[in-house]
Structures are given as structure tokens and as C-alpha cells.
Amino acid sequence: MPSNDVRNLLHTAVPTAAVGAIAAAVSAVVAGGKGALGAAVGALVVIVFMGIGLVVLERTAKSLPHLFQAMGLMLYTAQLLLLVIFVGLFKNTTLFEPKAFAFTLVVATLVWIAAQARAHMKAKILYVEPDSSTADKAEKSGSSA
């Protein structure tokens, strides 16, 4: 994974994990240990689902740039559907507090999306990939590009 991909992943995962920790602390005060566990699981689910999606999307952008927009729309739709299914599966669980889980899931998803947008706007992305071999050939042949 190239360094800018890792940087984007860190710039999105770290704020999401911080919000998950805050949500776990608040849930522990409000709902006890099961609330903290629910919040921690919610944050972890968001980081895993969205992290996998970000990696897939960045690989698609590099290998199939013409499918990037369609892949992004399909990926985000699939992620949201998976999160809704995940909430539905665990809405009656006694393992952890479902309300803390669902609230943290929603808040962590919103933080992930905002952090990803910010990371993308701050990234210095080249619009044209410099190709040194083409420039070298033009210099050797005496033509100017």
C-alpha cells in the first residue's frame, strides 16, 4: 500500500477511533459496561467496514480509473446497506447495549465520511502522472514537448 494511501487511512481512522473512545466513555457512564461494549463494537465495525471500502476504492482508482465514480457510488451504497443489516441483526442482543451501538455506529460513520473528505481535500494529488522516460526521449531526439 503506497504511503499516501496509508496516510489517507490514518487521517480517517484516527478521528473515528477517537470518537469511538469518547462514545464508549459516555456510554459507560449512561448505560454501564454493556453500553461501553456496544459503543466500542460500533466504532470497530465502522473502522473495519469503511477501511476495507477505502482500500478497495483506492485500488480501483489506480487500476481502473474509468470505473472510479461508479465503484465509489456502489461501494458507499453497499457499506450503508451492510451497516443497516448489521444494526438489524443486533437490535435485540443482550451481549451489549443496542442503543449505544447504533448511536456510535451512526456518529462514527459521519465522522469517517467528514474525515475522509477533509483528508482528500488536503491531499496533494497529481492530476497528471509525470513520466520521466517520455521526457528523456524528447530531450535526446531534440524535440520540445
Residue list, side-chain contact (heavy atoms from CB on, under 4.5 Å) with V106, at least two apart or on another chain: L110
Donor-acceptor contacts under 3.5 Å from residues 10-17 side chains, at least two apart:
{"from": "T12", "atom 1": "OG1", "to": "N8", "atom 2": "O", "distance (Å)": "3.0"}
{"from": "T12", "atom 1": "OG1", "to": "L9", "atom 2": "O", "distance (Å)": "2.9"}
{"from": "T16", "atom 1": "OG1", "to": "T12", "atom 2": "O", "distance (Å)": "2.8"}

How long is the straight-line distance from CG of L57 back to NZ of K62, given to the nearest 0.5 Å? 10.0 Å
Apply side-chain contact (heavy atoms from CB on, under 4.5 Å) to A36 and list each qualifying residue two or more places apart in sequence or on a separate chain. A28
Running the 4.5 Å side-chain criterion over Ile, Leu, Val, Met, Phe, Trp and Tyr, what cluster does L64 land in, apart from itself? L67
Do any pairs count as a ring pair (Phe, Tyr, Trp, His ring centres under 6.0 Å) and have a residue in residues 20-42, sequence neighbours left out, and if so which ones? none
Distance-only, no hydrogens or angles: does the K34 side chain make a donor-acceptor pair with backbone N or O of L95 under 3.5 Å? no
Nearest 0.5 Å, please: how far is OG1 in T104 from CZ in F96? 10.5 Å
Donor-acceptor pairs are to be reported for all side-chain atoms of residues 74-89 against protein atoms at under 3.5 Å, with residues two or more places apart or in another chain.
{"from": "Y76", "atom 1": "OH", "to": "Q116", "atom 2": "OE1", "distance (Å)": "3.3"}
{"from": "Y76", "atom 1": "OH", "to": "Q116", "atom 2": "NE2", "distance (Å)": "3.0"}
{"from": "T77", "atom 1": "OG1", "to": "L73", "atom 2": "O", "distance (Å)": "2.8"}
{"from": "Q79", "atom 1": "NE2", "to": "F49", "atom 2": "O", "distance (Å)": "3.2"}

Transitive ILVMFWY cluster of F103 at side-chain heavy atoms under 4.5 Å: who else is in it? V19, V107, V111
Table please: side-chain donor-acceptor pairs of residues 37-48 below 3.5 Å, with sequence neighbours left out.
none

Ring pair (Phe, Tyr, Trp, His ring centres under 6.0 Å) contacts touching residues 18-47 (sequence neighbours left out): none
